[in-house]
2 protein chains.
Amino acid sequence: MAPSVAVENLNPKVLKCEYAVRGEIVIHAQRLQQQLQTQPGSLPFDEILYCNIGNPQSLGQQPVTFFREVLALCDHPSLLEKEETKSLFSADAISRAKRILSTIPGRATGAYSHSQGIKGLRDAIAAGIALRDGFPANADDIFVTDGASPGVHMMMQLLLRDEKDGILCPIPQYPLYSASIALHGGTLIPYYLDEKTGWGLEISELKKQLEDARSKGIDVRALVVINPGNPTGQVLAEDNQCDIVRFCKNEGLVLLADESVSKGYYGECGKRGGYMEITGFSASVREQVYKIASVNLCSNITGQILASLIMNPPKEGDESYAAYKAEKDGILQSLARRAKALEDAFNNLEGISCNKAEGAMYLFPQIHLPQKAIEAAKAAKKAPDAFYALRLLEATGIVVVPGSGFGQVPGTWHIRCTILPQEDKIPAVITRFKAFHEAFMAEYRD
Amino acid sequence: MAPSVAVENLNPKVLKCEYAVRGEIVIHAQRLQQQLQTQPGSLPFDEILYCNIGNPQSLGQQPVTFFREVLALCDHPSLLEKEETKSLFSADAISRAKRILSTIPGRATGAYSHSQGIKGLRDAIAAGIALRDGFPANADDIFVTDGASPGVHMMMQLLLRDEKDGILCPIPQYPLYSASIALHGGTLIPYYLDEKTGWGLEISELKKQLEDARSKGIDVRALVVINPGNPTGQVLAEDNQCDIVRFCKNEGLVLLADESVSKGYYGECGKRGGYMEITGFSASVREQVYKIASVNLCSNITGQILASLIMNPPKEGDESYAAYKAEKDGILQSLARRAKALEDAFNNLEGISCNKAEGAMYLFPQIHLPQKAIEAAKAAKKAPDAFYALRLLEATGIVVVPGSGFGQVPGTWHIRCTILPQEDKIPAVITRFKAFHEAFMAEYRD
């Protein structure tokens with residue numbers, strides 16, 4: 001009997017879905033890491049440097065103390081009754097934990113919550129949004145989620161009926177979108193960001209792609225905006241953002257604004273906290289969103305608490321404020337220095353041009369590959385940028401993601417490289433990268 | 001212009017999906033709870049008792065101390081360097097936290113992990129499974145998830161191509177399965193549990209429903225077994241389990257065994273920790289599972305740590321063992337007393353019969369509704385058991401889920417009621433339920 005489950009009889013949407021951020025190159029990197037452990041000295045480098053994924057704490061960034069103090073107290077509330085706790089935790093972490101517990105029915109941090117998240121935490125998130133944006137936000141519009149991915153999947157599930165439904169996505173784009181659209185059976189309608197103007201988003205390009213899709217009979221349901229850009233790192237100007245909102249309103253598109261809260265300076269990726277704010281839907285559509293959320297019961301409470309903390313960090317006058325501000329400024333200033341050092345290094349190399357990382361932890365340099373390298377890649381059955389990234393990994397231990405995983409203007413080749421290795425390692429990263437790139441160009445120069 | 005997003009143009013699979021556990025009755029209960037706050041004394045009861053959902057900590061159950069000690073230390077690892085910590089935490093919680101942190105690359109509890117979960121934690125989970133079952137388990141087969149729901153969705157997404165693909169599910173069933181099958185566009189093939197034999201699972205019934213589905217051209221991909229039963233509370237005999245495995249092997253069905261680890265006595269529902277063990281799939285199918293998991297990056301680290309703790313609680317000789325055992329035994333013995341008290345109370349009422357809760361926190365009594373009540377329900381456009389549950393809520397504040405939310409033999413009516421109200425409240429629950437039921441029967445007696 002043939003096996004009852006084989007690749008041939010799986011859901012074809014699953015087979016179609018691609019996700020390069022954790023694809024072939026990362027799996028190869030994990031193999032090399034094991035080799036370094038079992039046979040030290042057997043490779044031309046002594047550690048793997050994961051620049052493929054925006055995962056600051058995996059590369060040594062320390063969590064913000066205040067956030068972790070509050071999480072620990074909420075996880076083990078009986079600490080709040082002990083005298084020693086006062087010397088171990090800051091006073092405002094203690095009072096914040098008490099306040100959070102008082103908003104949770106039964107102070108139960110191990111109970112399922114409301115499917116949109118604990119009401120008191122959503123109130124805090126809404127207040128944080130209002131303070132940041134100067135525009136009111138409502139807790140009833142907030143859905144707290146296990147990071148960004150479930151929110152994206154939920155909206156795709158809601159909007160996509162079949163392959164005649166389309167979603168406008170930036171190219172290059174973070175492949176969660178292309179993966180989710182493939183999994184839910186819709187069609188990705190690309191719009192290109194303009195590399196020459198620092199990955200600018202032109203309304204004329206949106207219009208052109210929208211009309212082109214409509215002329216092919218696609219019902220375009222939504223526009224995805226990723227700001228700050230991923231993998232491209234740019235920040236949209238406020239005027240540009242207003243134009244995008246107006247465009248969506250005029251064209252009847254849902255605006256999916258991925259503002260990457262989960263990718264802030266604090267880098268708490270593994271806690272899987274995030275939120276989605278929904279506005280402009282009718283009550284009956286909202287009920288459907290709530291129903292899908294309720295099938296999964298609720299998101300994890302630790303992530304919910306963390307999302308509320310991130311949106312309401314210590315304020316001036318709080319005991320923790322000085323320490324919090326020093327930690328935050330330290331991280332942000334160091335990230336800025338690292339971004340600049342790597343950007344300059346890329347721009348100083350033959351055949352590489354790199355835009356600024358204005359607000360994200362990514363650089364997306366273009367690699368002008370010689371024809372000979374492109375042919376060598378073809379012979380190896382790899383995309384040219386994947387070929388380059390694999391050679392980079394094997395020579396240096398540096399892991400990056402080929403631009404073909406995000407989409408790019410045909411005939412151009414990029415890599416996405418995070419700026420996250422700790423600052424004392426950046427000079428070595430640059431030296432190793434430079435040596436590799438020069439050798440690669442020497443080998444393949446036309 | 002018509003609104004661009006309306007119920008009429010949403011994904012019809014979303015509209016088809018139903019999820020009664022958080023449906024109409026719960027929303028009504030939340031409204032009544034608000035009314036109790038704003039107008040105390042305006043209802044015939046002074047609190048809402050949520051017996052609709054297996055959520056022990058929301059009803060006052062305290063978390064296991066050891067688990068929470070370890071979570072707090074992992075959330076805020078710098079505690080491990082402080083002298084005061086030794087007097088606040090047990091020695092084995094401290095050593096366990098140290099051991100866990102040593103298995104996490106960079107000791108980073110805020111970093112994304114491997115998409116299957118942190119390897120060291122999966123090793124611990126596999127060791128726990130092997131110890132429990134006397135059968136080896138492999139960390140590479142474990143996928144740590146944000147609770148059970150994402151695991152179920154992942155398998156449905158993998159297996160279901162269209163409505164010609166079917167999944168055999170018990171009736172009554174926990175509606176996560178029917179909801180997930182609807183969302184992924186497959187067909188639920190029901191097999192009935194036998195209420196007369198304590199919700200027995202008969203292989204002959206499986207065979208009959210499988211053949212019937214196949215004769216209609218359905219490609220039956222998998223069999224769902226929920227053990228202990230949800231909503232039905234029974235535990236399958238070991239012989240019966242062996243027969244089920246053999247049946248799946250012979251018929252080429254994937255066996256989806258929902259063993260409800262996330263629903264253990266510790267009741268840590270809101271932490272969203274769980275795992276899925278996959279065996280018998282080819283490497284190429286496994287790659288597809290990994291790919292879907294990787295699109296969501298990883299499950300929350302707190303839940304991952306908790307899953308490893310639950311599968312490896314303190315052992316004899318550990319400092320925490322006595323306290324841990326006392327907490328665990330206290331919870332389990334109290335649950336058993338509450339289950340028996342409620343079961344007896346149900347069986348003592350006119351027109352109600354109730355099987356034992358052998359291993360779950362649910363009772364699923366059958367309510368033999370008088371014809372007049374059924375007609376009143378019809379007039380109110382409700383399923384008869386939903387009508388009964390709504391009247392129960394309005395009279396007593398007790399929230400239960402109507403059997404029609406889980407499926408039941410046509411013409412029979414049930415409610416699912418958890419055994420989770422704290423023990424001192426059980427007599428009042430019974431008194432209030434009895435008074436309501438007797439009045440209801442008096443009102444509608446044929």
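Labels below follow one simple rule: chain letters A, B, ... track the order of the sequence lines, proteins then strands, and each chain is numbered from 1.
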Below 4.5 Å from any heavy atom of chain B, which atoms of [X] appear? Answer side chain, backbone, both or neither.
| X | result |
| --- | --- |
| A/L183 | both |
| A/Q61 | neither |
| A/N296 | both |
| A/Y174 | side chain |
| A/F89 | side chain |
| A/L160 | backbone |
| A/R107 | neither |

Can you tell me how far apart [atom1] ([X]) and [atom2] ([Y]) are? Round to the nearest 0.5 Å.
| X | Y | atom1 | atom2 | value |
| --- | --- | --- | --- | --- |
| A/N300 | B/C269 | CG | SG | 13.0 Å |
| B/S149 | A/L297 | OG | CG | 5.0 Å |
| A/N11 | B/I292 | CG | CD1 | 7.5 Å |
| A/C298 | B/N55 | SG | CG | 7.5 Å |
| A/R272 | B/Y112 | CZ | OH | 5.5 Å |
| A/K13 | B/R161 | NZ | CZ | 12.0 Å |

Let me check something: any side-chain donor-acceptor pairs from residues 71-84 of chain B under 3.5 Å, sequence neighbours excluded? List them with distances.
from  : atom 1 : to     : atom 2 : distance (Å)
B/D75 : OD1    : A/K271 : NZ     : 2.6
B/E84 : OE2    : A/S87  : OG     : 3.1

With sequence neighbours left out, what residues match B/D140 under side-chain contact (heavy atoms from CB on, under 4.5 Å)? B/K119, B/R122, B/N138, B/R286

side-chain hydrogen bond (donor to acceptor under 3.5 Å, both in side chains) partner of B/T109, chosen from A/Q57, A/E268, A/R68: A/R68

Less than 4.5 Å to any heavy atom of chain A: does that hold for the side chain of B/Q30, its backbone, both, or neither? side chain

Counting heavy-atom pairs under 4.5 Å to chain B, which of A/L306, A/I301, A/L158, A/D165 comes out on top? A/L158

